[in-house]
Amino acid sequence: MNAHDSEKVVGTLLAQGYAQVETVEAAELVLYNTCSIRDKAEQKVFNRLQNFKREAGKGKVFGVLGCVAQQEGEKIFDRAPHVSLVAGSASYPRLGEMLVQLEAGNRRVTGLSLDTEETFDTPFTRRDNPHRAYITIIEGCDKSCAYCVVPFTRGPERSRTSESVMAEARGLAEKGYTDIQLLGQNVNSYRDPSPAGWDFAALIAHVAEIPGIRRVRYTTSHPRDFIKAIVDAMDANPVICDHVHLPVQSGSTRVLAAMDRLYTRDEYMRRIEWLKNAKRNYSLTTDIIVGFPGETDEDFQQTLDLMDEVQYASLFSFKYSPRPNTSAILMEDRISEEEKQRRLVIVQERQRAIQIRHNAKLVGGIQEVMVEGRNHALGQWIGRTSCNRTLNFTHTGQDGADLAGTYLPVRVTRSGPNSLVGESVTVV
Ligand code: 5AD
Ligand code: SF4
């Protein structure tokens with residue numbers, strides 16, 4: 001989401017007549033896009049801003065965008081006086097206007113209001129990848145998970161109209177994009193504000209029918225809003241990839257309640273059952289937080305049991321990080337840093353073993369990959385499967401041909417915990 005925000009901001013700047021340069025030294029305007037989801041990400045921003053400081057005074061103008069900007073607001077001007085612009089993502093529709101103020105010499109420009117109905121749809125988005133494109137369908141979040149800063153930094157939910165999403169997707173298909181990733185903090189609560197009134201299941205079904213689109217992915221889902229109609233839409237059209245990212249956060253109903261996640265372990269498992277009993281074989285991935293305040297050994301054990309039960313294809317795991325403005329920051333029974341670290345390592349080791357077994361089962365089979373690029377050192381191409389695994393492969397075809405962006409069948413010959421190796425095959 002953050003990377004796609006940058007693509008939209010860069011597109012807006014280019015449309016206003018700015019040109020991109022290769023280095024900070026060569027730039028007259030430096031915008032820093034930031035993340036505050038966990039403490040570590042936030043710290044990086046201030047370290048990086050310190051490095052920029054040396055550049056200040058040489059006529060350069062600095063801006064801080066994104067979640068840290070929204071969260072810290074005007075305090076950033078005190079902490080880093082060389083910064084002239086502080087704006088959160090909900091204000092990006094006003095970015096053009098803010099740039100004009102900067103150009104006029106205003107050295108304290110802010111965009112910090114969350115009171116918006118708008119989304120940042122920009123026709124000028126400068127996309128980093130020529131084959132895969134992100135499309136934001138919903139911005140902000142109306143949930144209030146106790147650990148999460150997002151509702152405070154990205155504001156309330158705003159869905160784009162289905163017409164605008166479809167027009168963007170069709171336009172991308174016409175330009176040759178084949179792989180579309182629909183984005184939102186909680187894509188499942190997408191609700192078309194226009195009279196068509198599509199829900200998320202209807203939207204993915206329609207995007208997947210656009211001629212030229214070969215893959216549709218989406219992220220992120222919230223289990224509470226992940227309804228059976230989504231699985232049915234996926235089953236009905238294999239253009240929608242064989243992958244669902246369904247963040248569970250914890251396997252303990254008690255911890256889920258403390259997190260305000262709005263589902264129990266059983267309710268989550270019901271969704272997993274839908275996916276396991278579906279027509280296609282879906283690869284499941286998740287996010288897990290360890291060491292949430294009050295998480296006992298027994299709660300933690302339930303998370304490990306859930307991992308054994310679901311057998312995720314991969315997962316992201318995090319140590320709980322207290323965030324400003326969130327309700328969990330006031331909770332007692334903090335878990336020590338050492339204990340969080342211990343639990344994190346256990347999750348990661350357990351998952352590594354699961355992935356080794358999972359990936360080994362794919363050896364001998366054929367997977368269609370979208371070619372993402374080449375690893376020259378290894379003499380391999382890098383591909384991605386519909387189930388979102390990296391599959392590095394050799395290809396004996398014309399020398400020098402650029403396969404990037406093409407789709408090829410690849411036989412898996414070896415597997416590791418994090419990727420697969422194979423060779424392209426000719427299917428007759
Ligand atoms: N501490 C740790 N992990 C967090 N996440 C979000 N907020 C926090 C936090 N305060 C994780 C969740 C979420 C993912 C994007 O980041 O697992 O799904
Ligand atoms: Fe954060 Fe919860 Fe919203 Fe996800 S659903 S962005 S975790 S508040």
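Only heavy atoms go into these numbers, but all of them, side chains included; no hydrogens, no water, no symmetry mates. Counting starts at 1 for both ligands and their atoms, in listed order.
R48 forms no cation-pi arrangement with Y32, by the criterion of a distance under 6.0 Å to the ring centre and an angle within 45° of the ring axis. Annotation: cation-pi pair R343/F300 present, NZ/CZ under 6.0 Å from the ring centroid and within 45° of its normal.
Here the protein heavy atom with the shortest distance to atom 7 (N) of ligand 1 is Y147 CD1, 3.3 Å. From the protein, the heavy atom lying nearest to atom 12 (C) of ligand 1 is Q249 OE1, 3.4 Å. Summary of contacts: the protein heavy atom closest to atom 16 (O) of ligand 1 is R38 NH1, 2.9 Å. In terms of protein heavy-atom proximity, atom 1 (Fe) of ligand 2 is closest to C148 SG, 2.3 Å. What sits closest to atom 10 (N) of ligand 1 on the protein, heavy atoms only, is S321 O, 2.7 Å. Among protein heavy atoms, atom 13 (C) of ligand 1 sits closest to D287 OD2, 3.5 Å. Here the protein heavy atom with the shortest distance to atom 4 (C) of ligand 1 is I289 CD1, 3.7 Å.
Side-chain atoms of T285 and H243 include a donor-acceptor pair closer than 3.5 Å. Under 3.5 Å, the side chains of R38 and Y147 contain no donor-acceptor pair of N or O atoms.
The two residues I335 and F292 make their nearest non-hydrogen contact at CG1-O, 3.6 Å. The heavy-atom pair separating D128 from E7 by the smallest distance is N-OE2, 2.9 Å. Closest non-hydrogen pair, A208 versus I240, comes out as CB-CG1, 3.7 Å. The two residues K276 and E309 make their nearest non-hydrogen contact at NZ-O, 3.5 Å.
Within the 2.8 Å limit, C145 places at least one N, O or S atom next to atom 2 (Fe) of ligand 2.
The one candidate from Y134, Y92, F120 that meets the ring pair (Phe, Tyr, Trp, His ring centres under 6.0 Å) condition with H4 is Y134. Exactly one residue among R352, H358, Q351 makes a side chain to side chain donor-acceptor pair (under 3.5 Å) with Q355. That residue is Q351.
Applying the 4.0 Å criterion to heavy atoms of Y147 picks out, from ligand 2, the atoms 7 (S). Atoms of ligand 2 found under 4.0 Å from any heavy atom of P151, numbered from 1 in the order shown, are 8 (S). Of all atoms in ligand 2, numbered sequentially from 1 with element shown, those under 4.0 Å from a heavy atom of R261 are 2 (Fe), 7 (S). Close contacts of ligand 2 with C141, meaning ligand atoms under 4.0 Å from a residue heavy atom, involve 3 (Fe), 5 (S), 6 (S), 8 (S). Contact atoms of ligand 1 toward K319: 1 (N), 2 (C) (distance under 4.0 Å to a heavy atom of the residue). Taking every non-hydrogen atom of R323 and a distance limit under 4.0 Å, the qualifying atoms of ligand 1 come out as 10 (N). Near H222, the atoms of ligand 2 lying under 4.0 angstrom from a non-hydrogen atom of the residue are 5 (S).
Taking only nitrogen or oxygen atoms, main chain and side chain alike, Y320 does not reach within less than 3.5 Å of ligand 1.
Counting heavy atoms under 4.0 Å from ligand 1, residue T326 does not touch it at all. In V150, the part holding a heavy atom less than 4.0 Å from any atom of ligand 2 is the side chain.
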Stepwise salt bridge (charged side-chain N to carboxylate O under 4.0 Å, His left out) check, D260 with K143: CA-CA 9 Å; D260 222 350; K143 297 278 187 290; over 6 Å; no
